[in-house]
Amino acid sequence: MRTILIEAAVIGASLGGVLAAYQLCERGVRTLLSSEFDWIGGQLTSQGVPPDEHPYIESFGASKSYYRFRRAIRDHYLADENFTDNGTLTEGCNPGDGWVSRLCFEPAVAERYLRNLLQPHLASGLLVVEEQSRPVCTARTGRRVEWVELENQSGERLRVSAQYFLDATDTGELLAQADLPYRLGKESRTEFNERQAPQLASMADQQPVTYVFALQKTEPSAAEPIPRPESYDFWKSYVLPRYDYPLFSDHLPGHEGYSSVQLPLFASGKTLDLWRYRRIVAANNWRDEREDISLINWAQNDYALHPLLDGPQTQAQVAAEARQLSLCLAYWLQHDAPRSWVGETGSGFPELSLATDALGTEDGFAQQVYVRESRRIVGLQTLTQSEIELDPARKWDPVRCEHSVGIGLYNMDIHPTCESGMGSNARVRPFELPLEIFIPADADNLLPACKNLSVTHLVNAATRVHPIEWLVGEVAGLLASHCIRQKIDPATLASRNDTVVAFQNTLQESGIPLHWPESPAMADRT
């Protein structure tokens, strides 16, 4: 077995993991980044999910590095002589003219950007990337993680020893392997007095996962037929529990309770539809001939039969079943979906077929399943729904936090969960992330760098999105580098006002805003 001794090991090339490695290297810390999939960047790339962002993102509410990324994506398209900005659904240049975000675009473009971001540090030798490698074993002595073993696709193992380990897996894998306390699924109402929490806690009541796939809209004669999947009959007749409508339909869960709404498959103008929801290539934005391509991450292919983590089935089994569900949805859309959706008779949309070159795979499916919920550290503090939920009467009212290390804003977007089937989309106040939710109560040299902050199940639904995971990675990388150079552990840093202020100054110098402005007009100054 090979061994390596490094200053910081970032385990998992999720979106947060990439940014953690970047910030570590920017401060001269010798860093290892492990990557399990062909593409780095997690939900932005290998999971195939366009950015979910808050309404002020065009002008305020993210770090400088995130804004550089957004500008670079637009510049990439605007520099192409065949591209023309004809978008109508959102303001700003939106390459895919989708409506989930002001910036819907091809995941491959983001992956190239992230690779280029890390390239100078790879060239200098400051960064080592272990490709196609996943953590299989983690050793801990007391409050310190000693090493992590990585295994590549050939079965070869690498033992990594480091001063700091950053868990940037989408599932909080190191927490389980190191036998550290963690939270998963729903906490009980008595634990944190959250309005939407159940009476009894349940680790199994997790958010569903989704296997994203890409569809293109073309001439029916040019479309490749999708074979009928084995489990098609089951999923075609499946009725969503508690909602009582067929999963394969134009229904999707409403904002509260077990209500539902309906969206058309295709629409025009400002009418919201399923096809343009996560569209990443809009044919009308190109002078040369291109087909519309949309990433299918809808309520209709959310998999909630079994929880991804710590349930009766392995992660691989859950991912495989989620993939089958998505394949069944693709087949249903091409063969059996009612054409009455577009005012015609008959069934199936043969003009829809898998876009096999959109996600870095041969079949048009994402490289990994989309993970909404991770194991979460038990931190020095836990951020709860009660702290960030919006009082409708107060409209703005940002959360204020003395030890803020960054800001976020996104609804508590919960898809119908695996056990109770509860879905919700509760509004929140603009919030600040306390330093203490980054620091495990039971470990001195492990930090969360993805969706594994010390937050409740409900708050995770708001902190799991792209700009916040990007921020989490940056903060984790900066915190580890600061602790290494200052020879101080994170808990001690958090306990003293002078060291917290010094770290906050580092964050601000790195372009990370710590506080929301006093009014929405100041945030929306486009």
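For clarity, every value in this text was computed on a predicted model and none was experimentally measured.
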> Charged N to carboxylate O below 4.0 Å: is that the case for Lys451 and Glu373?
Replying inline: no

>> I'd like to check the side chain to side chain contact (heavy atoms under 4.5 Å, CB included) partners of Arg30; sequence neighbours left out, ordered by chain and number.
In response: Ile6, Glu7, Leu126

>> Can you tell whether the side chains of Arg242 and Asp244 come within less than 4.0 Å, N to carboxylate O?
In response: no

> Can a cation-pi geometry be assigned to Arg287 and Phe83, taking NZ or CZ under 6.0 Å from the six-membered ring centre and within 45° of the ring axis?
Replying inline: no

> Ignoring hydrogens and geometry, is there a side-chain-to-backbone donor-acceptor pair from Gln367 to Thr361 under 3.5 Å?
Replying inline: no

> Do Asn301 and Ser326 have a side chain donor and acceptor closer than 3.5 Å?
Replying inline: yes

> Between Arg279 and Glu106, does at least one N-O distance fall below 4.0 Å, as a salt bridge requires?
Replying inline: no

> What is the minimum heavy-atom distance between Ala366 and Ser46, and which atoms define it?
Replying inline: CB-O, 3.4 Å

> With a 4.0 Å cut-off, would you call Glu291 and Lys217 a salt bridge?
Replying inline: no

> Roughly how far, to the nearest 0.5 Å, is the CG atom of Leu150 from the SG atom of Cys137?
Replying inline: 10.5 Å

> Do Asp292 and Val281 touch side chain to side chain, with heavy atoms closer than 4.5 Å?
Replying inline: no

> Looking at CG of Asn411 and CG of Asp52, how far apart are the two atoms once the value is rounded to the nearest 0.5 Å?
Replying inline: 11.0 Å

> Is a donor on one side and an acceptor on the other found under 3.5 Å between the side chain of Gln177 and the backbone of Pro135?
Replying inline: yes

> Do Gln334 and Ser353 come within less than 4.5 Å of each other through their side chains, counting heavy atoms only?
Replying inline: yes

> Can Gln43 and Asp170 be counted as having a side-chain donor-acceptor contact under 3.5 angstrom?
Replying inline: no

> How many angstroms lie between atom OH of Tyr22 and atom OG1 of Thr31, to the nearest 0.5 angstrom?
Replying inline: 13.0 Å

>> Run the ring-ring contact (aromatic ring centres under 6.0 Å, His included) test on Phe248 and Tyr238 for me, step by step, so that the C-alpha distance in whole Å, both residues' side-chain angles and the decisive distance to 0.1 Å come before the verdict.
In response: CA-CA 8 Å; Phe248 290 177; Tyr238 184 77; 8.9 Å; no

>> If only side-chain N and O atoms count, and only distance matters, is there a donor-acceptor pair under 3.5 Å linking Ser65 with Glu474?
In response: yes

> Could you give the distance from CG (Asn94) to CZ (Phe105), rounded to the nearest 0.5 Å?
Replying inline: 9.5 Å

>> Testing the basics here: between Ile226 and Ala330, what is the closest heavy-atom pair and its distance to 0.1 Å?
In response: CD1-O, 3.6 Å

> Can you find a heavy atom in the side chain of Arg276 that is under 4.5 Å from one in the side chain of Leu89?
Replying inline: yes

> With distance as the sole test, does Ser340 use its side chain to make a donor-acceptor pair with the main-chain N or O of Gly343 at under 3.5 Å?
Replying inline: no

>> What I'd like to find out is whether the side chain of Glu469 reaches to under 4.5 Å of the side chain of Ser14, using heavy atoms alone.
In response: yes

>> Given 3.5 Å as the limit, does a donor-acceptor pair link the side chain of Asp205 with the main chain of Gly185, or not?
In response: no

>> Tell me which one of Leu44, Val212, Ile280 satisfies side-chain contact (heavy atoms from CB on, under 4.5 Å) with Pro107.
In response: Ile280

>> Do Val472 and Leu15 have side chains that approach each other closer than 4.5 Å (heavy atoms only, starting at C-beta)?
In response: no

> Taking atom types as modelled, is there a side-chain donor on Thr171 or Glu173 under 3.5 Å from an acceptor on the other?
Replying inline: yes

> Does the Asp97 side chain pair with the main chain of Thr88, one donor and one acceptor, at a distance under 3.5 Å?
Replying inline: yes

> Got a donor-acceptor contact below 3.5 angstrom from the Glu219 side chain to the Glu351 backbone?
Replying inline: no

> Does the side chain of Leu359 come within less than 4.5 Å of Leu295's, by heavy atoms?
Replying inline: yes

>> Any side-chain to backbone donor/acceptor pair from Arg339 onto Thr345? Under 3.5 Å, distance only.
In response: no

> Distance only, no hydrogens: is a donor on one side chain within 3.5 Å (strictly under) of an acceptor on the other, for Glu26 and His121?
Replying inline: yes

> How are the rings of Tyr331 and His335 set to each other: parallel, tilted or perpendicular (split at 30° and 60°)?
Replying inline: parallel

>> Check for me whether the distance between the ring centres of Phe69 and Trp470 falls short of 6.0 Å.
In response: yes

>> Between Asp302 and Tyr211, do the side chains contain a donor N or O and an acceptor N or O under 3.5 Å apart?
In response: no

>> Would you call the rings of Trp341 and Trp332 parallel, tilted or perpendicular, taking 30° and 60° as the class edges?
In response: perpendicular

> With no hydrogens and no angle check, do the side chains of Tyr182 and Asp310 hold a donor and an acceptor under 3.5 Å apart?
Replying inline: yes

> Could Arg71 and Glu58 be called an ion pair, given the rule that one side-chain N must be under 4.0 Å from one carboxylate O?
Replying inline: no

>> Under a 3.5 Å distance rule, please check whether Gln315 uses its side chain to pair with a backbone N or O of Leu308 as donor and acceptor.
In response: no

> So, for Cys328 and Ser231, which heavy atoms are closest and what is the spacing to 0.1 Å?
Replying inline: SG-OG, 3.5 Å

>> So, taking the atom named CD in Glu289 and the one named CH2 in Trp286, what distance separates them when rounded to the nearest 0.5 Å?
In response: 14.0 Å

> Does the pair Asp250 and Gln262 meet the rule for a side chain to side chain donor-acceptor pair (under 3.5 Å), with working shown?
Replying inline: CA-CA 5 Å; Asp250 58 350; Gln262 291 174 274; 3.2 Å; yes

> Can a donor-acceptor pair be found between the side chains of Gln47 and Asn297 at a distance below 3.5 Å?
Replying inline: no

>> In terms of relative ring orientation, are Trp99 and Tyr277 parallel, tilted or perpendicular, with 30° and 60° separating the classes?
In response: tilted

> With Glu130, which residues qualify under salt bridge (Lys or Arg N to Asp or Glu O under 4.0 Å), at least two apart?
Replying inline: Arg2

> Is there side-chain contact between Asn285 and Tyr77, with at least one heavy-atom pair below 4.5 Å?
Replying inline: no

>> Within the 4.5 Å heavy-atom criterion, are Ile57 and Tyr66 side-chain neighbours or not?
In response: yes

>> Whether the side chain of Ser101 engages the backbone of Pro51 through a donor-acceptor N/O pair (distance < 3.5 Å, no angle test) should be reported.
In response: yes

> Between Ile293 and Leu215, does a side-chain contact (heavy atoms from CB on, under 4.5 Å) hold up when you go through it step by step?
Replying inline: CA-CA 6 Å; Ile293 296 178; Leu215 284 184; over 6 Å; no

> Does the side chain of Arg115 come under 3.5 Å of the side chain of Gln119 through a donor N or O and an acceptor N or O?
Replying inline: no

> Looking at Gly511 and Pro513, what are the two nearest heavy atoms and their distance?
Replying inline: O-CD, 3.5 Å

>> Ignoring hydrogens and geometry beyond distance, is a side-chain donor-acceptor pair present between Arg372 and Thr210 at under 3.5 Å?
In response: yes

>> Please report the interatomic distance CD(Glu36) to CZ(Arg134), rounded to the nearest 0.5 Å.
In response: 6.5 Å

> Where the side chain of Ser35 meets the backbone of Phe37, is there a donor-acceptor pair that is under 3.5 Å apart?
Replying inline: yes

> Looking just at side-chain N and O atoms, do Gln207 and Thr417 make a donor-acceptor pair shorter than 3.5 Å?
Replying inline: no

>> Assess whether a salt bridge exists between Arg375 and Asp167, defined as any Lys/Arg side-chain N lying under 4.0 Å from an Asp/Glu carboxylate O.
In response: no

> Would Leu329 and Trp235 satisfy side-chain contact (heavy atoms from CB on, under 4.5 Å), going step by step from the backbone distance to the final call?
Replying inline: CA-CA 8 Å; Leu329 176 61; Trp235 285 114; over 6 Å; no

> So, Arg228 and Asp233, do they make that salt bridge, N to O below 4.0 Å?
Replying inline: yes

>> If the threshold is 4.0 Å, N to carboxylate O, is there a salt bridge linking Arg464 and Asp413?
In response: yes

